[in-house]
Protein chains: 4
Amino acid sequence: MSADPQVPLRADARRNRDQIIAAARSIFSDFGPEVPMEEIARAAGVGVGTLYRRFPDRDALIRAVAVDNFARVLDDARQAAEQEPTAWLALVRLLHQSVELHLSVQLAMLSKKAHEILKEDPAIASLRDELLVELEAMVRGAQREGTLRPDVAEGDVALLFALLLRQLESRSPEVTRLSTERSIAIMIDGLKAQPGTPLPGRPLSRHDIH
Amino acid sequence: MSADPQVPLRADARRNRDQIIAAARSIFSDFGPEVPMEEIARAAGVGVGTLYRRFPDRDALIRAVAVDNFARVLDDARQAAEQEPTAWLALVRLLHQSVELHLSVQLAMLSKKAHEILKEDPAIASLRDELLVELEAMVRGAQREGTLRPDVAEGDVALLFALLLRQLESRSPEVTRLSTERSIAIMIDGLKAQPGTPLPGRPLSRHDIH
Amino acid sequence: MSADPQVPLRADARRNRDQIIAAARSIFSDFGPEVPMEEIARAAGVGVGTLYRRFPDRDALIRAVAVDNFARVLDDARQAAEQEPTAWLALVRLLHQSVELHLSVQLAMLSKKAHEILKEDPAIASLRDELLVELEAMVRGAQREGTLRPDVAEGDVALLFALLLRQLESRSPEVTRLSTERSIAIMIDGLKAQPGTPLPGRPLSRHDIH
Amino acid sequence: MSADPQVPLRADARRNRDQIIAAARSIFSDFGPEVPMEEIARAAGVGVGTLYRRFPDRDALIRAVAVDNFARVLDDARQAAEQEPTAWLALVRLLHQSVELHLSVQLAMLSKKAHEILKEDPAIASLRDELLVELEAMVRGAQREGTLRPDVAEGDVALLFALLLRQLESRSPEVTRLSTERSIAIMIDGLKAQPGTPLPGRPLSRHDIH
DNA sequence: TATGAATGAGATTTCATTCAT
DNA sequence: CATGAATGAAATCTCATTCAT
């Protein structure tokens, strides 16, 4: 679920590493990827020195958090595919579980800088590809089932996700939850196979997303 | 279109002020609200000193840009309402013009920090309210026309906008444009008065958005 | 002798802290409390960063120097009281040792700004009060002995000190020393119990000095 | 009373110049000679441009204020010498009038920087010399009269003045006034011809004061 | 000529990263 | 190994001075 385990790592070191990633995930997600390293260290309950021993610089930490997150989402996607009776339902479930996706996307797309960092990383590239393959299967499946409009591809869906997942901060939790749910529902309605407006352009595939 | 003119301001000063806001809009929009002030000054073709004379600190600049932007969008909304034959078409046009909205929303909602700054500012609060009033009229109109699903309110639409407008950086411009257009179309389809999934919760009004 | 030790502080950090205060004392005393922080850091043999880690801003440094200084003077006063055979002699000795007081007073009273900063600080307030209590004892003692004119109180003496200690910069060191000694002597003569001019007003007590 | 009138100067320009000097005197005296030029301009009711047209830089302004002040004090000294029946009384009166001296001394001695500036200026040097000559006359006279202790010279008195005149800011105006009066009285008692402590060193003449 | 806008050098402050304890 | 102190480069901000209006 995390990554790059090289050498097994002693138990306490392991624990530190996990605490750091957890702290970083939460802080990045709340304040963006520019927070002082010391802040993250404090939140993780370790000294900066320890943080730097584990992650040589900020970029490495960002990468590690992203890898961890993509891995979680990939897990989710696979479980959904396996457990849901139809591809459409798997897709819908994934959309609703998307809170997890949140950070990945945030990191991947929010700040230009973070994106530069992540798009270099092969570990991330490969996870992202696996995720898109999974998504492609769902999309094709749901189209075969006749439930998903035929003029979209996995790229469209991924990008729609991406939009969604930029959680809207800073209003009451109740409204946040409600608004997320309702936005998802509206989007899902827009995705349903139905007359509707013909979409402009061409279906966006996973190859359109760098 | 801009704001807070206090004392008329000499012609050259005025020009500089406008250049600074324009530069800041563009740079904030591309790199977020943390870029060095010197960068912004350079892009505006003035010295840092000038920037600071006009805007005592970064927050003041962020506020000024947001005010300017909200004012533009409000303009757009009013023109759309006036010129389009139906409320639904006005709404659709506004959604498509939403690239303008981009920055307002980005600034208003993207980073927790920026949001804190903006939500204090009375000028912004009042512009935002005017905008939501405008939107409310469109929504009610379109529902009366029978084109907009009846279980949404202006808050829903605003939040949907907001999602949309977080332009997805960092892919080819062609894909960016395409994806934006297609996402809008899908959302619009989702908004159409039609069977569809009943939405969870209750319509979100403008009073639900702080 | 210094102050506010919160957590014990590592040996090297402690050493740095002391060096910074020493350097600041000397530089403030020579050039006033506006010298560039970098100057102070250099004089202390540390980087600016270190200085700022220890003292979050200039005010904090000023406060720390003042606390350190008041503490020294209080020490001096107590030793004088204990070791000298008469209160009068203790007072005279304190006056002559007053070069130490120099900076405290300079900082406390010289620049309006510095004074604002210091008068907030409870640590300084309490040290100053202790010092004035000490002084009051000397004054009362010397008056009982019949050596000090009866129409003064500790406030008068403190203010006289304060004047004196604003060392006159900027002439040859020899003249500086001489002039200080001579001024003290003249003032002491003025304080001796004698016919002399009756003083205007009323004795100023320590409650007259904020 | 002011200085360096080169060309007569138009009436309004003259007025501006005087306002600036008055404002600068008051502000320097309250906050030291480092206040922003803009502050001074504002207090004088003119733009910075005007200030700079009159005084090419801060040093020139400091010099002008000092010249103006020394001139006033010299006037006072001469009047005292002329109008008082004895040299001693003239001296005492001058001491009491010393509040006027305040700024001169403050500027002349307070900040090392200001002192550097002033000691270069020939106009000031000559005013100061005239003042010290005046003082020397009083001192000698009072010694001849037998009222002033014989082991002091005009340098001692000037330096004692100087100390005094660093008015102690920042307590209640009543205490300030009282304390000044009482300190002067104590010093005068200390200066009276009397047994007293023999002073250390040698009389300081005006040649000891650079 | 008076004004106040523009400039940029320098001061303050922050923080990523290294390194002694 | 973990810690947190030290460093200095880079950012923020201020202000003396010049110059367009």
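A note on names: the letters A, B, ... follow the listed sequences, proteins ahead of strands, and every chain is numbered from 1. These numbers were taken from a predicted model, which means no experiment stands behind them.
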Indicate, with a heavy-atom threshold strictly under 4.0 Å, whether Val46(C) touches base, sugar-phosphate, or nothing. sugar-phosphate
Would you say Arg53(C) places a side-chain N or O within less than 4.0 Å of OP1 or OP2 belonging to dG4(F)? no
Could you tell me whether the phosphate oxygens of dT1(E), OP1 or OP2, come under 4.0 Å of any side-chain nitrogen or oxygen in Arg54(D)? no
Nearest to the side chain of Asp12(C) - dT12(E), dT21(E), dC15(F)? dT21(E)
Which nucleotide in the set dA16(E), dA16(F), dT12(E) lies at the smallest distance from any side-chain heavy atom of Met37(D)? dA16(F)
Please give me the minimum heavy-atom distance between Ala66(A) and Leu118(A), naming the atom from each residue. CB-CD2, 3.8 Å
Looking at dT7(F), I'd like to know if its phosphate oxygens (OP1 or OP2) sit under 4.0 Å from a side-chain N or O belonging to Thr50(C). yes
Picking from dA9(E), dT12(F), dT13(E), the nucleotide nearest the side-chain atoms of Val48(C) would be dT13(E)
On a heavy-atom basis, which atom in Gln19(A) and which in Val46(A) lie closest, and how many Å separate them? OE1-CG1, 4.4 Å
Presence of salt bridge, Asp68(C) and Arg72(C), under 4.0 angstrom: yes
Who pairs with dC13(F) - Watson-Crick or G-U, where each distance is under 3.5 Å: dG10(E)
Side-chain N,O (Tyr52(B)) to OP1/OP2 (dC13(F)) below 4.0 Å: yes
If you compare every side-chain N and O of Asn16(A) against the phosphate oxygens of dA2(F) (OP1, OP2), does one of them come in below 4.0 Å? yes
Using Watson-Crick geometry (N1-N3 plus N6-O4 or O6-N4) or G-U wobble (N1-O2, O6-N3), each under 3.5 Å, dA20(E) is paired with dT3(F)
The answer to which of Glu34(B) and Arg15(B) contacts DNA chain F further toward the 5' end, by nearest nucleotide, is Glu34(B)
Mind listing the closest non-hydrogen atom pair of Ala23(C) and Ile40(C) along with its distance? CB-O, 4.0 Å
